[in-house]
Protein chains: 2
Amino acid sequence: MSVSYAQIQADHPGSFSHACPTRTVLDHVMSRWGVLILSALSDGTLRWGQLCRAVDGISEKMLASTLRTLTADSLVARESFPAVPPHVEYRLTDRGRELMERMLPLLEWIADNAEEITAG
Amino acid sequence: MSVSYAQIQADHPGSFSHACPTRTVLDHVMSRWGVLILSALSDGTLRWGQLCRAVDGISEKMLASTLRTLTADSLVARESFPAVPPHVEYRLTDRGRELMERMLPLLEWIADNAEEITAG
DNA sequence: CTGCATCCTCTCGGATACTG
DNA sequence: CAGTATCCGAGAGGATGCAG
């Protein structure tokens with residue numbers, strides 16, 4: 001049996017309604033930069049500078065802001081190594097990896113179909 | 001073999017870079033209201049008024065605007081029945097259904113974990 | 001019933017400069 | 001290297017009113 005939206009709402013009454021936590025998570029995870037940061041980290045640990053380059057076009061401000069949100073949601077873990085110069089690593093948590101397992105098939109489909117969709 | 005972000009980018013060079021069509025599709029499909037409208041339609045055809053009620057909290061302006069975007073992307077089909085009063089139906093296209101097949105597992109995970117994430 | 005037009009607000013997000 | 005602080009514009013998005 002494949003999952004249906006009706007089934008999800010039956011299992012979670014009130015899901016995706018206005019004030020539901022799902023809306024908050026949706027906003028964080030499906031945000032413009034959130035998706036791309038999570039995707040970049042899905043290939044492994046990255047440092048700040050590497051992330052800045054991996055996520056094409058992101059500003060330092062949005063990188064900092066989005067990383068704070070994702071870290072607060074325990075989807076991304078931040079590890080700081082006291083050293084000069086500073087060294088900070090970001091990686092997915094187990095929860096973040098679970099999320100990306102479900103996100104990547106979607107991204108693959110988008111990569112496969114984006115050209116045709118925007119050509120329309 | 002499970003899909004990886006690196007593999008997606010290997011198959012589609014330049015994917016998810018700044019000016020890539022994937023960015024546009026991402027913005028449409030993962031937009032605040034786009035997800036919810038597509039989800040509501042994944043259970044079947046709905047009329048304007050039903051959609052307005054199904055997507056809790058949406059304004060008429062954003063419903064119209066988002067529907068136009070999704071229709072232009074051929075993810076949603078609009079069918080108008082000449083009658084008084086007007087009768088208009090919206091449903092997923094085949095392309096839209098393909099998309100939602102990959103989106104729903106993600107939404108299910110979010111529904112399962114949202115409470116714990118926002119509690120953090 | 002199904003929208004479009006207008007106005008207004010507020011947040012996202014870019015640019016730039018600065019710090020430990 | 002890894003951020004923070006500040007300013008500012010553009011666009012998302014809400015409320016209201018009106019049209020076919």
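Naming convention: chains lettered A, B, ... in sequence-line order (proteins, then strands); numbering from 1 in each chain.
With C/dC1, C/dG3, D/dA2 as the candidates, the nucleotide lying closest to the side chain of B/Pro85 is C/dC1. Distance from the side chain of A/Glu60 is smallest to D/dG3 among D/dG3, C/dG3, C/dT2.
Summary of the strand contacts: A/His18 and A/Val88 both lie near DNA chain D, and taking for each the nucleotide with the nearest heavy atom, the more 5' one is attributed to A/Val88.
For the pair B/Arg47 CZ and C/dG3 C1', the computed distance is 13 Å after rounding to whole Å. Taking atom CD1 on B/Ile58 and atom C1' on C/dG3, their separation rounds to 13 Å, with Å as the unit. Nucleotide C/dC1 holds its P atom 11 Å from the CD atom of B/Gln50, rounded to whole Å. One interatomic measurement links the two molecules: CG of A/Leu63 to P of D/dT4, which rounds to 10 Å at whole-angstrom precision. One can place CH2 of A/Trp48 at 17 Å from P of C/dG20, the figure rounded to the nearest angstrom.
Taking 4.0 angstrom as the limit, A/Tyr90 places none of its side-chain polar atoms (N or O) nearer than this to OP1 or OP2 of D/dC1. For B/Arg53, no side-chain nitrogen or oxygen approaches OP1 or OP2 of C/dC1 to under 4.0 Å. For the OP1/OP2 pair of C/dG3 and a distance below 4.0 Å, the side-chain nitrogens and oxygens of B/Arg68 include no atom meeting the criterion.
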Write out a two-atom table: protein N or O, nucleotide N or O from nucleotides 9-13 of chain C, distance below 3.5 Å.
unit_1, atom_1, unit_2, atom_2, d
C/dG13, N7, A/Lys61, NZ, 2.7
C/dG13, O6, A/Lys61, NZ, 3.1

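Relative ring orientation between A/Phe81 and A/His87 is described as perpendicular, the plane-to-plane angle rising above 60° on a 0-90° scale split at 30° and 60°.
Nearest heavy atom pair, residue A/Ala111 against residue B/Phe16, reads CB-CE1, 4.2 Å. In terms of heavy-atom proximity, A/Ser42 sits nearest to B/Tyr5 at OG-CB, 3.3 Å.
For B/Glu108 (side chain) and A/Val3 (main-chain N/O), no donor-acceptor pair under 3.5 Å exists by modelled atom type. The main-chain N or O of A/Lys61 is never found under 3.5 Å from a side-chain atom of A/Ser65 such that the two would form a donor-acceptor pair.
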Could you walk me through whether B/Thr93 and B/Val76 pass the side chain to side chain contact (heavy atoms under 4.5 Å, CB included) check? CA-CA 5 Å; B/Thr93 60; B/Val76 169; 5.7 Å; no
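Under the 3.5 Å distance criterion, with hydrogens and angles disregarded, no donor-acceptor pair is assigned to the side chains of A/Asp56 and B/His18.
If you check every strand for non-hydrogen atoms under 4.0 Å, A/Phe81 touches nothing.
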